[in-house]
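My questions all concern the structure below.
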There are 2 protein chains.
Amino acid sequence: MIESSAKPDLAAIASLIGEPSRAAILEALMSGESLPAGDLSTRACVSPQTTSSHLNKLVQGGLVKVEPIGKRRYFKIASVAVAQAIEALCLIAPPKKIRSLKASFEADALRQSRTCYDHLAGKLGVAVTEFLINEKYLKLNPDKFIVTPTGAEWFASFGVDVDAARQLRRKFAYPCLDWSERRPHLAGSLGAALTSAWFDKGWVARMQDTRAIRLTKEGQCGLKEVFKVNELK
Amino acid sequence: MIESSAKPDLAAIASLIGEPSRAAILEALMSGESLPAGDLSTRACVSPQTTSSHLNKLVQGGLVKVEPIGKRRYFKIASVAVAQAIEALCLIAPPKKIRSLKASFEADALRQSRTCYDHLAGKLGVAVTEFLINEKYLKLNPDKFIVTPTGAEWFASFGVDVDAARQLRRKFAYPCLDWSERRPHLAGSLGAALTSAWFDKGWVARMQDTRAIRLTKEGQCGLKEVFKVNELK
DNA sequence: ACCATAGTTCGATCTGTGTCGAATCATCCC
DNA sequence: GGGATGATTCGACACAGATCGAACTATGGT
């Protein structure tokens with residue numbers, strides 16, 4: 001047990017997140033991807049030198065991890081706790097002013113479908129979750145999802161190993177409120193596993209330079225046939 | 001439904017929290033109390049003018065609410081969502097350097113027992129929660145607490161109206177991880193109701209100028225006899 | 001009516017830190 | 001080895017925003 005004789009430095013962590021360029025970096029990493037410094041520089045719209053300085057501070061502050069591969073250095077969110085804190089902040093954050101047409105398209109795409117650290121969010125995430133509930137594959141207890149017996153079969157047939165997800169040392173299946181829909185979607189290791197399956201099937205693909213994801217042709221068919229969702233509204 | 005065509009401004013909300021004086025104000029308000037501007041000025045160690053400016057920004061930003069009573073203006077945390085975001089930040093925050101002896105005592109007192117927005121935390125909060133679990137009054141499902149039948153009786157006998165708490169439009173009973181113990185304690189409307197009962201009985205009292213609370217003589221007896229806790233360790 | 005207390009507005013100052021140019025280091029590929 | 005690409009360090013600069021003095025408004029008490 002750590003015997004730290006100090007209280008948490010709220011200002012330090014919040015100001016670390018609060019600088020606009022660093023916040024942009026964190027938002028990019030909230031997709032759950034590992035991204036190299038150069039990409040993050042582009043996303044945050046600042047020079048490589050500046051980005052480097054910010055990344056240093058983020059790593060020092062424990063918000064971000066590095067993994068050097070060759071001459072690149074890949075950065076990612078350091079832990080689930082960090083992702084949860086950032087999500088909690090997004091829930092109480094004011095909407096950002098839209099300046100450009102491009103930013104407006106991006107915002108629309110994000111609301112449509114995106115990854116929230118490691119699971120589906122946006123309209124897509126909510127629609128998928130509601131399908132699972134309607135079909136009684138999941139049951140929403142106030143603070144957690146229960147997988148029903150028929151649900152377990154369904155997940156297996158879809159290619160998701162529920163038991164493997166359950167054994168991981170993290171929350172298994174809980175509702176995550178998202179900032180755009182304000183309705184819960186499936187998070188936790190089960191949500192992450194389901195999302196992996198979507199990517200594996202090629203139903204969704206990451207879009208360039210944003211957390212938004214794109215439904216492929218196959219994804220649209222799958223959404224209709226497997227999830228009985230005709231359109232995201 | 002709000003049709004906001006924008007993504008959340010993470011930097012704005014985080015930098016609002018991240019300024020040291022404002023963070024000090026928020027920490028003071030995390031006790032759940034309503035405090036007037038003057039008190040907050042003292043706690044944050046800045047002039048009344050500066051405090052006023054900060055409070056303005058906090059209110060504008062939706063983090064804090066005001067209620068004017070007479071010539072005083074009482075400030076409090078705006079919502080449970082705000083309190084949760086701040087708690088989530090505290091969990092990933094680095095420990096603050098202890099400068100003064102006084103600050104060291106305060107940190108110790110905080111770790112011992114404090115309020116976390118509206119429920120007990122620190123060693124006291126954890127000890128009480130563990131008693132409730134050991135006696136099988138509460139059962140910890142991964143993400144929520146269940147009140148057992150004998151538990152319902154116990155809460156009633158202690159003066160807590162479980163059904164009233166259950167009917168409130170907020171989470172009922174969930175585990176809140178605290179930054180000092182890193183072990184869960186009882187949060188939600190049930191936690192808040194239990195804490196009120198402690199204050200009503202005079203078992204705990206607020207300390208001056210800090211979120212820490214003090215166990216009274218009666219509280220020490222009660223802790224021993226009702227909660228079977230001999231000492232907080 | 002008077003003074004005390006609580007809080008705010010305005011303006012001037014000053015510090016902290018984000019920014020990028022230039023140069024440097026590291027790794028990969030041919 | 002040499003050139004190209006990815007990333008960092010250093011230093012100079014500029015700007016945002018926190019701070020407080022002084023003056024002001026509003027409420028309460030006697």
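In the text below, chain A, chain B and the rest are named by the order of the sequence lines, each starting its count at 1.
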Report task. Provide, to the nearest angstrom, the distance between the CZ atom belonging to A:Arg22 and the C1' atom belonging to C:dG16. Result ->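 The distance from CZ of A:Arg22 to C1' of C:dG16 comes to 12 Å, rounded to the nearest Å.
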
Query raised in the report: Atom OH of B:Tyr74 to atom C1' of C:dT5: distance rounded to whole Å?
Result: 13 Å

Query raised in the report: Can you tell me how far P of C:dG16 sits from NZ of A:Lys57, to the nearest Å?
Result: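 Value for this atom pair: 13 Å.
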
Query - Sole residue of B:Arg183, B:Arg111, B:Arg114 in salt bridge (Lys or Arg N to Asp or Glu O under 4.0 Å) with B:Asp178 - result: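 The passing option is B:Arg114.
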
Query raised in the report: How close or far is atom C1' of D:dG6 from atom CG of A:Asp39, stated in whole angstroms?
Result: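 One finds 11 Å between C1' of D:dG6 and CG of A:Asp39, rounded.
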
Requested in this report: Could you check how far CG of B:Leu58 sits from P of C:dT8, rounded to whole Å?
Outcome: 12 Å

**Report entry** B:Asp118 and B:Arg170 ion-paired at < 4.0 Å
**Finding:**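 Answer for the salt bridge query: yes.
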
Query raised in the report: So, does the side chain of B:Gln49 form a donor-acceptor pair with the base of C:dG7 at under 3.5 Å?
Result: no

Query raised in the report: For A:Ile69 and D:dT5, what is the distance between atoms CD1 and C1' respectively, to the nearest whole Å?
Result: 17 Å

Query raised in the report: B:Glu33 side chain to B:Leu35 main-chain N or O, any donor-acceptor pair under 3.5 Å?
Result: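 Judged by distance alone, no pair lies under 3.5 Å.
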
Report summary line: Of A:Pro48 and A:Gly70, the one whose nearest nucleotide on DNA chain C sits closer to the 5' end is A:Pro48

**Report entry** Polar contact flag, side-chain donor to acceptor under 3.5 angstrom, A:Ser47-A:Thr50
**Finding:** yes

Query raised in the report: Does a donor on one side chain and an acceptor on the other come within less than 3.5 Å for B:Arg214 and B:Ser113?
Result: no

Query raised in the report: Side-chain N or O of B:Ser21 less than 4.0 angstrom from OP1 or OP2 on D:dT19?
Result: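 Result: yes.
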
Query raised in the report: Using a cut-off of 4.0 Å on non-hydrogen atoms, how would the nucleic acid contact of A:Pro20 be classed: base, sugar-phosphate, or nothing?
Result: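 Nothing, no nucleic acid heavy atom in range.
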
Query raised in the report: Does the side chain of A:Arg72 get closer than 4.0 angstrom to OP1 or OP2 of C:dC28 through an N or O atom?
Result: no

Query - Side-chain N or O of B:Arg73 closer than 4.0 Å to phosphate OP1/OP2 of C:dG7 - result: no

Requested in this report: Could you check A:Lys71 against A:Thr50 and say which one's nearest nucleotide on DNA chain C is further toward the 5' end?
Outcome: A:Thr50

Query - Whole-Å gap separating C1' (C:dT17) and CG (A:Asn56) - result: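 About 15 Å, once rounded to whole Å.
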
Query raised in the report: Phosphate oxygens OP1/OP2 of C:dT17: is one of them under 4.0 Å from a side-chain N or O of A:His54?
Result: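 For A:His54, the contact criterion (side-chain N or O under 4.0 Å from OP1 or OP2 of C:dT17) is not met.
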
Query raised in the report: In whole Å, what is the span from the CG atom of A:Leu55 to the C1' atom of D:dT9?
Result: 15 Å

